Amino acid sequence: MSPFAVDVIRAKRDGRRLSDEQIDWVVDAYTRGVVAEEQMAALAMAIFLRGMDDAEIERWTGAMVGSGSRLSLKVSRPTVDKHSTGGVGDKITLPLAPLVAACGAAVPQLSGRGLGHTGGTLDKLESIPGWRAALSPEEIAVQLESVGAVVCAATEGLAPADRKLYALRDVTGTVESIPLIASSIMSKKIAEGASGLVLDVKAGSGAFMKTVDDARRLAHTLVGIGSAHGVSCTALITDMNVPLGRAVGNAVEVAEAVEVLQGGGPADVVELTVALAGEMLALAGISADPAAVLASGAAYETWARMITAQGGDPSAPLPKPQHVHVVPAPESGVLASLDAYAVGVAAWRLGAGRARKGDPVQAAAGVLCHATLGDEVVAGEPLLELHTDTPDALPAALEALSGAYTVASAVPTARGIVLDTARA
Ligand code: URA
């Protein structure tokens, strides 16, 4: 064990700022295994409780980028990426990446797998028969040039300090810290090498940030790190009190994304896809109308090429669940609330998510919402459909949903999905 590590832990425990030298050393030494897991756990908790100032966060992020390699994206189009802080039913990457590529940008979207109640983009795409998440840096470059969009797993060498630290935070109650979340997200995105980045910072019950004020703070921190490291960033703060769209799970979310790409789909998914695409195109310096490109079918064509390039069959039927359990509306009226966190937990318990890293997920598991806020519902008619291959999971999923929705006589005021914007 390193005695220097104890000094760094004590400094943060006592509320002092860490020097550049301390930050560079501790991140590097942790990556190399010189700082022990229990020492980093103590430091993460000290950071969680005491925070870090902007200069510390920027330095910490830089040290995490420096723990690994950077992808060099040599493509002829401008590169721009999107990152979401994670929500329930958040399948936006699926229609967004091909849409922005169809408008003329290159979208390198290195994504993760789900942990806990928020789903992972790779888990969703793996429900498409044949689709492959692992690409080499060379394959990423070739696909970016030929198709314009790649959604794949982060390559091993990118920000290895974050991979270790994220797994540690997950089991030490230190995930929900703005400095740690912001540096974790931005280290991966800076290492990935896109020149522009749009952040979708979720606020609400289904998000890490439960309040709009906290989401705003996170958004400004993320954008500030981007500026300090030469990446142009814009952040949208968006609502995550209600699931996005009607589908929550893996294959069901792919099906909904395809509906959007074919000109249909739920209004909130379309609205957010077009809003994020507009910001990405602005950063890329491309003047195109994403709503018109979506309506033209060009984004769907790019989707089909993107899936095919990674071994998937875009026209193959998606997996179907072995069991479907229908939850009826308890009374007639208007759906007044539908709690995103509860629906996310239900989908997770049905098998769509994993409790531990490396667990398998069920492609067909999830929740299909027959109504969203403001829709009329009729007593006894289907309100939610629970999909699973393991019916033993149903009682726990139903328990998660108890008290998760209300039916009222008045229509709630319409919610806009984009609540605020943070720019550099
Ligand atoms: N996503 C990340 O990549 N890191 C976090 O810490 C939280 C969400």
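For ligands, and for the atoms within them, numbers begin at 1 and follow the listed sequence. Since the structure is predicted, the reported quantities are computational estimates derived from the model, not experimental observations. Counting from 1, the numbers follow the sequence of the chain as shown.
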- Item | Point-to-point distance, once rounded to the nearest 0.5 Å, from CE of M209 to CZ of R217 | 9.0 Å
- Item | Nearest non-hydrogen protein atom, atom 1 (N) of ligand 1 | I185 CG1, 3.8 Å
- Item | Which residue and heavy atom of the protein sit nearest atom 5 (C) of ligand 1, plus the separation | Y166 CE1, 3.2 Å
- Query: Does the pair Y30 and Q39 meet the rule for a side chain to side chain contact (heavy atoms under 4.5 Å, CB included), with working shown?
  - Reply: CA-CA 9 Å; Y30 174 61; Q39 291 181 308; over 6 Å; no
- Item | Side chains of K202 and T238, donor plus acceptor under 3.5 Å | yes
- Query: Would you say ligand 1 has an N or O under 3.5 Å from any N or O of R169?
  - Reply: yes
- Note on the structure: If we number the atoms of ligand 1 from 1 as shown, the ones under 4.0 Å from a heavy atom of K188 are 2 (C), 3 (O), 4 (N)
- Message: Which of the numbered atoms in ligand 1 are under 4.0 angstrom from any heavy atom belonging to F208?
- Response: 7 (C), 8 (C)
- What distance do R50 atom CZ and D14 atom CG have between them, rounded to the nearest 0.5 Å? 6.5 Å
- Is atom CZ of F48 surrounded by more than 12 heavy atoms (other residues, nucleotides or ligands) closer than 6.0 Å? yes
- Shortest protein heavy-atom distance from atom 4 (N) of ligand 1, along with the residue and atom involved: S184 OG, 2.6 Å
